[in-house]
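A quick write-up on the structure given underneath.
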Amino acid sequence: MKKAPHPPPLTHNAGLSDQLFSLNGAEETRLLSFKSLTAMGEKEQSTGGPHFVGTKDELIAARRSFRTLEGRDILIVYQQGVFYALDSYCYHAGAMLQNGDIEEIDGKLCIICPNHKYKISLAQGEGIYKGTDPRQKPPVARWYSKGVKQRTHMVTETDGKVYVQLSEATGWIDSDYYQGEKGKVERAKARAAEKEPS
């Protein structure tokens, strides 16, 4: 795990609350949601630098944690001894990734979108798919990358405290859409459609 210099101290107290979520109806995991407390009441944390997201022990126990940092919804995943942070909504159609299975695909740890089974590498945010090259005889299925589709963020741990630095990569990444206002409307429409009786 990469270590960074101590981040600047937070200028306000931080509070954690947790929620219990079901994974595929069989397994439960505790997702921690983070808000900072100020004299004005609760609001999203915004310090412009690395954001404290919890202690190492809390995040390991939770395995998956949801945070809103500077208005951006982030999923923090602890898998095989490593912390990962990525946008919490799938780049394809905005589904919540928190309940997605995690599998190793072609040597890369990937989260699989629970709605449409899109595969996203945790480390780089690559869209991964299986396909064949029709020029090969006989065609053999193999894994390909669509390139970076999901924005990932840097996670550091210092003295048992875990911090996330939001990505500073310039340019459009597909998951950015579901962090904006139009994407929020699309996510709400999709949730409403899922709840309608068939």
Side-chain angles (χ1 to χ4, degrees), residues 1-19 21 30-56 58-60 62-79 82-100 111 113 120-127 148-188 190-191:
M1 181 176 313
K2 295 179 186 174
K3 287 208 172 205
H6 291 281
L10 297 177
T11 57
H12 49 268
N13 295 327
L16 290 170
S17 62
D18 60 20
Q19 299 172 323
F21 286 86
R30 192 162 296 277
L31 292 178
L32 300 172
S33 58
F34 178 85
K35 291 190 176 183
S36 57
L37 304 173
T38 66
M40 302 294 287
E42 291 188 355
K43 71 175 189 176
E44 294 169 359
Q45 182 181 12
S46 179
T47 63
H51 299 280
F52 172 74
V53 293
T55 67
K56 180 179 179 180
E58 290 168 334
L59 295 172
I60 288 172
R63 292 183 24 228
R64 299 176 194 200
S65 304
F66 179 87
R67 302 286 187 274
T68 300
L69 305 174
E70 297 183 29
R72 193 167 199 98
D73 294 334
I74 305 299
L75 179 64
I76 302 160
V77 175
Y78 180 77
Q79 188 72 22
V82 178
F83 287 105
Y84 301 92
L86 63 158
D87 284 355
S88 63
Y89 309 111
C90 179
Y91 72 90
H92 167 246
M96 291 289 290
L97 292 173
Q98 67 196 21
N99 292 334
I111 192 161
C113 177
I120 303 163
S121 74
L122 289 172
Q124 301 298 321
E126 289 176 277
V148 175
K149 298 292 187 177
Q150 195 79 18
R151 190 173 292 275
T152 59
H153 309 280
M154 187 172 68
V155 182
T156 56
E157 184 261 328
T158 304
D159 298 329
K161 296 178 181 175
V162 179
Y163 299 86
V164 171
Q165 175 70 49
L166 294 177
S167 170
E168 295 177 357
T170 57
W172 181 260
I173 296 176
D174 291 6
S175 67
D176 293 343
Y177 177 78
Y178 290 101
Q179 296 288 338
E181 291 305 314
K182 289 181 181 179
K184 289 177 185 176
V185 170
E186 290 297 318
R187 290 193 329 260
R191 279 193 307 273

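Owing to the predicted nature of the structure, the values given are computational and were not obtained by experimental measurement. Along the sequence shown, the residues carry numbers beginning at 1.
- Using cut-offs of 30° and 60° on the angle between ring planes, the pair Tyr177 and Trp172 is perpendicular.
- The side chain to side chain donor-acceptor pair (under 3.5 Å) test applied to Gln179 returns no partner, not counting sequence neighbours.
- Using a 4.5 Å heavy-atom threshold, the side chains of Ile120 and Lys149 count as separate.
- Within the 4.5 Å cutoff, the side chain of Glu70 has heavy atoms near those of the His51 side chain.
- Across every non-hydrogen atom of Gln79 and Tyr84, the tightest pair is O-CE1, 4.0 Å.
- Using a 4.5 Å heavy-atom threshold, the side chains of Thr156 and Phe83 count as separate.
- For Tyr89, there are no ring-ring contact (aromatic ring centres under 6.0 Å, His included) partners at least two apart in sequence or on another chain.
- Here the straight-line distance linking atom CG of Leu97 with atom OH of Tyr91 works out to 10.0 Å at 0.5 Å rounding.
- Shortest non-hydrogen contact noted between Thr152 and Leu122 is CG2-O, 3.7 Å.
- Of the inter-residue distances, the one linking Cys90 atom SG with Met96 atom CE reads 11.5 Å to the nearest 0.5 angstrom.
- Scanning for salt bridge (Lys or Arg N to Asp or Glu O under 4.0 Å) contacts around Arg151 gives Asp176, with sequence neighbours left out.
- With sequence neighbours left out, Ser175 forms a side chain to side chain donor-acceptor pair (under 3.5 Å) with Asp87.
- Smallest separation of non-hydrogen atoms from Ile74 and Leu69: CG1-CD1, 4.3 Å.
- Scored by the salt bridge (Lys or Arg N to Asp or Glu O under 4.0 Å) test, Lys161 finds no partners at all (sequence neighbours excluded).
- Residue Leu86 comes nearest to Gln150 through the heavy atom pair CD1-CG, 3.8 Å, listed as atom of the first residue, atom of the second, then distance.
- Across Gln124 and Ser121, no two heavy atoms sit closer than the pair N-OG, 3.4 Å.
- Atom OG1 in Thr55 sits 12.5 Å away from atom CG in Asp159 (nearest 0.5 Å).
- Here the shortest heavy-atom pairing between Leu166 and Arg72 reads CD2-CD, 4.5 Å.
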